Every structure is written in structure tokens, then in C-alpha cells.
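Let me begin by presenting the structure, written as C-alpha cells, before commenting on it.
So you know, we letter chains A, B, ... as the sequences are listed, proteins then strands, and number each from 1. Computed from heavy atoms alone, side chains included, the values below leave out hydrogens, waters and symmetry copies. Note that the structure is predicted; figures quoted are calculated from it, not measured.
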Protein chains: 2
Amino acid sequence: MRQQFEALGKTPANHVPLSPLSFLRRAESLHGPRTAVIYGDIRRSWTETARRIRAVAGGLVGLGVQRGDTVSVLCPNIPELFELHFALPMTGGVINTLNTRLEPETIAYILDHADTKLVIVDRELSPLLSRAFELLGRTLPVVEIVDPCTAAKGALNGIDYDDLTRAAPLPVALPDDEWDAIALNYTSGTSGRPKGVVYHHRGAYLMAHGTGTAWQVPPYPVYLSVVPMFHCNGWGHPWLMAMLGATVVFTRIPSADRILDAIRSHGVTHFGAAPIVLQMLADADNDAVPFDPAIRVLTAGAPPPPSVLEKTRAMGLDVMQVYGLTETYGHISQCLWQEEWNDLSPAQQAEMQAQQGVAFPMVEEVAVIDRSSGAHVPRDGVTQGEIAIRGNTVMAGYYKDAEATTKAFKDGWFWSGDGAVLHENGYAQIRDRLKDVIISGGENISSVEVEAVLYRHPAVQAAAVVAMPHEKWGEVPCAFVELRAGSKATPDEIIAFCRTNLAGFKAPKAVIFDILPKTSTGKIQKFQLRERAKSGIH
Amino acid sequence: MRQQFEALGKTPANHVPLSPLSFLRRAESLHGPRTAVIYGDIRRSWTETARRIRAVAGGLVGLGVQRGDTVSVLCPNIPELFELHFALPMTGGVINTLNTRLEPETIAYILDHADTKLVIVDRELSPLLSRAFELLGRTLPVVEIVDPCTAAKGALNGIDYDDLTRAAPLPVALPDDEWDAIALNYTSGTSGRPKGVVYHHRGAYLMAHGTGTAWQVPPYPVYLSVVPMFHCNGWGHPWLMAMLGATVVFTRIPSADRILDAIRSHGVTHFGAAPIVLQMLADADNDAVPFDPAIRVLTAGAPPPPSVLEKTRAMGLDVMQVYGLTETYGHISQCLWQEEWNDLSPAQQAEMQAQQGVAFPMVEEVAVIDRSSGAHVPRDGVTQGEIAIRGNTVMAGYYKDAEATTKAFKDGWFWSGDGAVLHENGYAQIRDRLKDVIISGGENISSVEVEAVLYRHPAVQAAAVVAMPHEKWGEVPCAFVELRAGSKATPDEIIAFCRTNLAGFKAPKAVIFDILPKTSTGKIQKFQLRERAKSGIH
């Protein structure tokens, strides 16, 4: 009888807020003596790692970090950033990882917009942070990490991270509410300014479970930390690895030689990486014996070129392409291998593997919808719609941007901005990027942001930036520029101007001077420019 | 800033109630053409299975089933019971599976206590249900399943289940609230009357994720349905199998020949079974070639005897012992294999495998606590405490029994009633059953219930029932009886008396007449009797 069922309420015994902090307690309690961290000469057990994390949490509370406080972290993939993925949420604070390749202007913008209370910085990046503070017009309290594997000299006279590890350790406490924010991740700003994407504990917990099942990660994997933790918190992998009692191997820099050396030295079983990294590995490792058993690899960002998939398969890398966005905690769909593909040629297999595939098990639905009619597209491999997502690993919303949040969640879906078709077997495949994003070496570049810089050049009348295919980086920005009457400029001058105003990877790699094609209402027809950039006929 | 984070609310795009019904939608959408069900000559795809389920849900709504209504099902493991694990929750109703081996008295008690609105019965069991109705003093609406693999004749003139499959299919709708009840499972009544354990959608969903990860079930397993679905809904496996697009193989009767035949015919990869079933398989399959790759097996109920684990390993069964209770949706801890056990002798390995182990990843904590002091016991392998559990796969509570619910959840833990020690590596091992449960062939027998029958015999002055080791069944009930002065009885008479008043498996297999050992306050000292029953010296 309904009332009788409803009389049974939640108690501490039968209701625990979903939070990845549970995995830290689990790792400390059940996997204590196992090696948690390998980095250079450093080896730390889960007991030691958990104790350090709990001490850092205590230290951060001592510095005044409270529930709902944003703490920004500017740091490559080293053990300290891994630790902060637990220590910061333990305080009730929100971890805001910053892309280490951003220009100081954007860092300053984020520190301001995110209401950052404290910045934790790897000392090698202190000069970058220092420039961001100058642009911000104020400084913030700073904790500095001195990585023994670097010889960083710059310093902001911040508190030493090592001091935090000597604070009194806190016990692991879960948030009162599983909807509490755990992370704040800024998009690359496809429509200009970056937006702050808010993750909650519930989503981070479910992301770990769904990834563990779908990727079939066994207990005690040896995981190589390649996906930058400043991208969707490393696709949630740090939390999953605690759940499974993994050994996590760090190399700081994801260069081919360091990755291959780490794999061979430590018996790596799993990692995630952008296609550009796989390409680097394939180029560097042509003569070596294939890894056996194969290493399980997730890749995302842009579909890896078939040639790379063929090469990595030969190397003994079992690559699964996944798809997702910052707004979805990372991957939400996977190109799950189908037995019937076994009979295809390597080239055909690589083509299949480049699809975006089907929803992860923790995702409620990945649909392809005709936005104008609201209808799901037929499974014909031809009709285009927009990828739309529903589920518990969709962001809480954009920080301090109710308008963008409402727009993103229209009609009960999160709209990805990616155009796709559905194949007969339900696999989604991206056909066109509805947003003007250029994916270069795993980094998203907003064409709008680059255009904004171009428009600041005195000789530029109009500008449009589109993706141009590139053998190494996948895509690079290509700028089409209309010069002002009577003005003169060379492509090299324009590129140099962009490089002084943007992170290097965002600067156009080609500049073409021409009249821009426009619609009758004066809108630039980017699709025509894309075709030209693709065809190489400028 | 906390207020800014808290301003981001739940929407249909980013918050979906956790429910295993999501897995049905997933299976229909993504695994449609794959075979979902194999039973005798029946082969049904996920498309067909999902359509049948949605039709049955529509048919049940047509019969008046509403949110919070209990529907009892008396049925062995056949496809219809699997379908009902989705169809009933789809209606908002609560599935109450009945142990098919129960006596009519207990079935009548449950139908009454559960406020059952409708009973769905396999026609072979209609006579049993009919007797239960007689004892209940009233009948309930009935749906009858006519299993083509039986020649059942008895009938209650109920609605034909097949008619439900022809109703208009409902779309899959999730509950409004993930805390809504999904199942009502009666305990075997260790302290007399069975208690109704309430499961909710949230727990069932998380059980599937945690089991998938911990058991490392790949996509598209071939699962053999051996664990009775009337035990904790088959440990939640029906829901997990939908998530993974499994093929589920049914044999109706879990006999050794049917199981071995199904494994060989259909390439079974996974199943769960009580130790008694493993023993049957080991006895039946001495000369066959080992399964390769090994079949992944979960076993629970009582620790399997080392001899059985040795034999099953030789057969190619990769057995993991798990532990749990009806109150915890089935398994909450697993005896996860440790690499260092590889070097042990088979007998030592089997001993290790018989431990209850460590928490599943969806379980917050499995602790061993000294109930009097509230302290966790040290990891010394010696100090006893009681296994206590916290997490989202602990029941909502006991149906209509606030007192028992409060007692079970004392101090923020669910108290298992099982006494255990903790080893240095954090593995729990049961040392003593604090509750007086006898586990016989995978069935729990309440000693209190058997004693109650004994006490009804005119010659019995006092009685105590304890577990006696048994080669085939693991344990069987052994009764110690003090006869009334001047009364006479033989063991066979007492056993026969019990068999007329209890299900056959609950009747004592040995009766010993003696003065019962008592404490100074007159309490029977069962531990002494257990020693006698174990040693065989009566």
C-alpha cells in the first residue's frame, strides 16, 4: 500500500550522498598498502596518499576554504593535482582546474568570474599566474607546488603545498547534499567568453561507475595520467581510479618518449588520450614489439584519423573512441566494438571506430534531434540533427549565467551543438560541427575568439576563422581576412599579431586575403570557407 | 560562491531518477536485434522482449495496478518472471516474488501482510496458491502463466499472462522519485514471522552498476538464470543484464544436467548460484573438459566448502564468493582475489575464497563492530564483532514494521546479525552466526520457526534447533529435544510431525533427546548444541 511504502524514510544506514569521496575512503580502507602514485622516484601507497589528501584538506580548511568556495588550480598532471581532486571537495570547496596553455588574459577572466578564493599553482607556472594577476589588477592568496621533477625558479611567495601536507588530517566527510558542486570547469569559450560549467558530486560518482563498467576496468589497474586533469577533471578518471585501487603513473609532460617509457617501466594497463597523443605514439614507436596484453585506451576530442587507429592497433593499443563535452563531465557516448566488425578490413574497422557510438550506461539518453521539429532523426545514416543529451552526468548549469543555462537545457535536453546522423544500429556519427569550434591537438579553439583578435588589427575589415585539416594537429585555425581599403598586411604579420594576443595554439596557421562570401543579410557563409580550407584550394 | 552554485537547479536534462527501468529503454534502443531470452525453443530479441514487457505493463495497468500496489508472483526462473521485473515497476507497482518452496501457510501470511492486489502464478504452482487462498480465507485476482515447457494442469481460472502480452504497450516511464519502492522481498523469518524488505529504484540501479564493475561483466554477456529471482530479485542480475544487452538463458529447473547442457549449448559466460548448485555441478561433471575461457560465477548463501571450490576451479568455473542479506539487495561484499594467493596451495586458496571479503563499490561501508562498545574491531583475525553495513543498497526498511526497522538501523548502521572477524587486509570473515539461521541448500531456515513447530508436539518439553553440517546441503537442521516427563516419542515421529507442518527442507534431519544445557537464567546455550551437532558426537 503506497502510504506504507512511503512511510519508510532515509536514514544514515540506507541513504548516503553519492560522492566520489566515498572512493577515497574505500581506497584507504581496502587498498592501503597498494601503490597509489608513481612519479619519477616517488612511490606512495594509498595509505600515504590518503593521509596526504586528508592533511591537505585540513590545511585548506585552515586557510579558510569553506563550502561553495572556488579554488583555482594551475598545474600539469602531477600527483598534487590528483590529490587536490579529493582534498578540495573534502573541504566543501569547488575545484577549478585551469588549462595550463591559456593566455594570461583568459586566466584573469576566469579567476574573476569564478570568484576564486585561493589559487594553487605549480611553481613553473607562477610567472603565468603572476601576469594574470597583473591583468586582473589584484592578487589572490596563493599556494605553490614545488615539483621535485622540475627546476622552476619563479615564485609568488605563496604558501608551500608541502606545508599543507603536514596539517592535521581531516577524516573523509561526504557532502550533505549530493547535488553540491564539486568542480567548476571553464569551456574554451566557443561563443566568445568561456563559460563556467558546474559539476556536482552525484554526477562525478555516477560517471565513475558508468566508466568502470563500460571500459571494463578491472580492480587494481595501472593507469597512466595523460588526459589533462584540466579537461573535465581528466574525464573523471582520478575518482574512478580511487574506486578501483589503481596505481596512477604521472609523467608531467605527455611526450611520446615519457609515455612509452612509463608504459614499459610500470606495466600500464589503461589510459585516456587525445588523438594527437596517439598519433605521436604511433610515429615514435614504429619498430617496437606490440604491447601484450593490449593496453586499453580511451580517446576523445575529435575522431582519430583511420591511419592512426590502424597504427595504434598494430602497436597493441585497444582504442575506444568516446564522445562528450565539458558540459557532460567528459564522455557520454562510446563507440562500442561490434563482433561483426571483426570481418572488416583494417581501414573499414578504423572508420567504424571513428563513430561517436552509443550512450554510456550512466547516461539516460544520447539522441539526435531535428531541432526545428523536435523529432528524433530516423536511423538512416543520412538525416542530420543535433546531438542532445539527458542524464545525471549533465552539468548543473553555467556558473552565474542563467540565460546560457536555460538555453542549453531547452525542452529537457542538453544541446551539444554538434550535428550528427544516426546509423541503423543506433550509432551516432558527427557530420558537422554546428558550433564554430576548431579542435587542434585535443584543444578546443573558439573561432569567435580568434576573430575578435583579428578584428583588432588596424588593417582588418572583416575576418572569419574556420578549421583547416592538419596532419599533426587534426585541425588548425585558418583565417579568411578582408583588408580595409588602402590597407596592407602580410599573412605573417597577421599571424604574429595573433600570437601576441592569443595562446600560440589558437593563432591561425594560414591567412587568406579575400572578399568574404556573405548571405543577403550580410552573414558570413562559413560553410563555403570551410570547404575552401578543406580542399586546400584557397 | 555558494549561493551562485546553489542557484543551479535540477532539470529534466540534468537530473533523472535512478531506476533500473532506464536499462530497459537502453536495451530496446541500443541492443534491439540481439537475443535477450533463450528458453527451450524460445528465442526473443531485446526488441521483442521490451515490446512484451511494455505490453504486459499496459495490461497490468488495465487490471488496475497503480503506484505503490503490491503484486505477488509465484513462479520459477522463466522468461515471464524476468519480464515482470520490468513490467511491474513500470506500472509504479511493487514486485513481491514468492519463494516457490514455501508452505501455503507462509504464502497466505505474506499475501495478507503485503496487501497484495494481484497474484501472478505459474500454472504448475496454482495448486499451492489455491491452498494458500484457502488458508487466507479469501481469493485474490490471479494472472496465470502457462509455461509451454511444462504440462501443468491445475488452474485457478485466472487471466492468461499471454493476454497481457497483447495489450497496448506502454512507453518506458521512470518513477517520479528514485526512492519509490520497486520490490518487496520477505525474509525467511529468522525470528519467527517473515519480514517484508522494501527495495527502492535508487538502490536497484546502483546495485546493477556496482555489480557490473566489481564482477567485470563485459557488454553482451550470456547469463544463465540460476539464482532464483525470488531471492533478492536474483541478486539484481535481471536489471544488470538489461544494462549490458545480455542474452539470458533459462532452464526453469536448476538441475545439474540442465545447467551443464545450457552452458555448452549457448556459450554461457556468467551465472550466480548457491554453493549447493556448484557442488551438484562438480559431482556431475567429473570427466568433462574444463570450460575455456572460464565461466565467471558468483556464489553466496554460505561459504562454499573448500572441496567444492577446488573441484569447480578444475572445471573451469571462476568462482567469487559474495556475501549479503535480503535486507541489502543481495551481495554487499566480495571475496576479491589477491595476486599473492596465486602461490598458495589449492586448499589454501579455497580457504581464502571462502571469506566474505570487502565491500562492493556501490556500498559505503561494510564494518565489523563490537556492538556493546560501538568500536570497530581491530584487524587481527581474532576479535569478533557484528557485520554492519551502510550504503544505498540497504533496504528502505521493513514493510509495516516500524519497530523492526528502527532496530535494524540502530546508530546509523544496518546490523546483519552475523558475527565476524576482520583480517589484516580488511577482509571480513564470518565466524559465528549471531542469528539462528540455518542455511540449507541456499535456503535460509529459521531455527525459531522450526522450534515453534516442535513445541506444538504434545511430547515436547523444550526444543532447540541448530545447524548440523551436511555434505550435500551445507547445513541441515538438527533438533535437540527435552521430552515431557512420562512422554515418549521417536526421532522419526518428531521428524514426520515437522514435515506435516513445515516445508520439507525445514524439517530437522536429526533429532536428539537430551536435557538442554541452560544458563543460570534459563536461556538455552545453543553454542554448546552447535558444537555437538558439528562434532557428530550427540
Side-chain angles (χ1 to χ4, degrees), chain A residues 1-8 10-16 18 22-23 25-26 29-30 32 66-70 94 115 179-181 198 206 209-210 212-214 216-219 243-244 336 358-359 361-362 364-365 389-392 394-397 399-400 402 405 409 412-414 426, chain B residues 1-16 18 22-23 25-26 29-30 32 66-70 94 115 179-181 198 206 209-210 212-214 216-219 243 336 358-359 361-362 364-365 389-392 394-397 399-400 402 405 409 412-414 426:
Chain A
M1 214 173 284
R2 184 167 157 187
Q3 303 90 294
Q4 297 288 354
F5 286 112
E6 289 178 350
L8 299 169
K10 294 167 187 167
T11 75
N14 65 11
H15 186 273
V16 174
L18 303 179
S22 291
F23 305 142
R25 172 154 51 201
R26 175 180 178 79
S29 167
L30 303 182
Q66 293 184 5
R67 185 174 174 197
D69 284 350
T70 300
V94 178
D115 302 308
W179 194 259
D180 273 6
V198 177
L206 293 170
H209 268 291
T213 301
Q216 297 168 64
V217 196
M243 179 171 103
L244 297 168
L336 190 61
V358 295
M362 72 289 184
E364 189 59 19
E365 215 172 338
I389 301 144
R390 294 195 302 126
N392 292 300
V394 168
M395 65 171 178
Y399 187 68
K400 299 197 297 193
T405 302
F409 289 158
W413 294 89
F414 169 73
Chain B
M1 215 173 285
R2 182 165 158 189
Q3 304 89 295
Q4 297 288 355
F5 286 113
E6 289 178 350
L8 299 168
K10 295 167 187 168
T11 75
N14 65 10
H15 187 273
V16 174
L18 302 180
S22 290
F23 305 142
R25 171 154 52 201
R26 176 178 177 81
S29 167
L30 303 181
Q66 292 183 8
R67 184 175 174 199
D69 285 351
T70 300
V94 179
D115 301 310
W179 194 259
D180 273 7
V198 177
L206 294 169
H209 269 289
T213 302
Q216 296 168 64
V217 196
M243 178 171 103
L336 192 60
V358 295
M362 73 290 184
E364 190 59 19
E365 216 173 338
I389 302 144
R390 293 193 304 125
N392 292 300
V394 168
M395 64 171 179
Y399 188 67
K400 299 197 298 193
T405 302
F409 290 157
W413 294 89
F414 169 72

Self-check item: Region of A:L18 that comes under 4.5 Å of a non-hydrogen atom in chain B
Solution: both
Practice problem: Applying side-chain contact (heavy atoms from CB on, under 4.5 Å), run through B:T213 and A:L244 and close with a yes or a no. | Solution: CA-CA 9 Å; B:T213 302; A:L244 297 168; 3.9 Å; yes
Quiz item: Quick one: of B:W413, B:W179, B:F409, B:F23, who has the most non-hydrogen atom pairs under 4.5 Å with chain A?
Solution: B:W179
Quiz item: If you measure from CG on A:L206 to NE2 on B:H209, what distance do you get to the nearest 0.5 Å?
Solution: 6.5 Å
Quiz item: A:F5 pairs by side chain to side chain contact (heavy atoms under 4.5 Å, CB included) with which of B:T70, B:D180, B:D69?
Solution: B:T70
Quiz item: Which bit of A:S29 is near chain B, if near means a heavy-atom gap under 4.5 Å: side chain, backbone, both or neither?
Solution: both
Quiz item: In terms of heavy-atom proximity below 4.5 Å to chain B, should A:A7 be classed as side chain, backbone, both, or neither?
Solution: neither
Practice problem: Select one option (side chain, backbone, both, neither) describing which atoms of A:R26 are under 4.5 Å from chain B's heavy atoms. | Solution: side chain
Practice problem: Output the option from A:V94, A:L30, A:V198, A:L8 having the highest count of non-hydrogen pairs under 4.5 Å with chain B. | Solution: A:L8
Quiz prompt | Option that, when pairs with chain A are counted at under 4.5 Å, heavy atom only, ranks first among B:M395, B:E365, B:R25, B:R67 | solution = B:R67
Quiz prompt | Pairs of heavy atoms under 4.5 Å with chain A: top-ranked of B:A181, B:P12, B:G9, B:P361 | solution = B:P361
Practice problem: Answer with side chain, backbone, both or neither: which region of B:Q216 has an atom nearer than 4.5 Å to a non-hydrogen atom of chain A? | Solution: side chain
Quiz prompt | Top of B:V217, B:L336, B:T405 for chain A proximity - count of heavy-atom pairs under 4.5 angstrom | solution = B:L336
Exercise. Tell me, please, which residues at least two apart from B:S22 pass side-chain hydrogen bond (donor to acceptor under 3.5 Å, both in side chains).
Key: A:E364
Quiz item: Side chain, backbone, both or neither: which part of B:D115 has a non-hydrogen atom closer than 4.5 Å to chain A?
Solution: side chain
Exercise. Would you check if B:N14 and A:F414 make a side-chain contact, meaning some heavy-atom pair closer than 4.5 Å?
Key: no
Quiz prompt | Among B:K400, B:K10, B:M243, residue most engaged with chain A (heavy-atom pairs, under 4.5 Å) | solution = B:K10
Quiz prompt | chain A contact via B:M1 - which portion, at a heavy-atom distance below 4.5 Å | solution = both
Quiz prompt | Residue B:M362 versus chain A: region with a heavy atom under 4.5 Å | solution = both
Exercise. Please determine, among B:G412, B:G212, B:G426, the option with the most heavy-atom pairs under 4.5 Å with chain A.
Key: B:G412
Quiz item: For A:Q66, is it the side chain, the backbone, both, or neither that has a heavy atom closer than 4.5 Å to a heavy atom of chain B?
Solution: neither
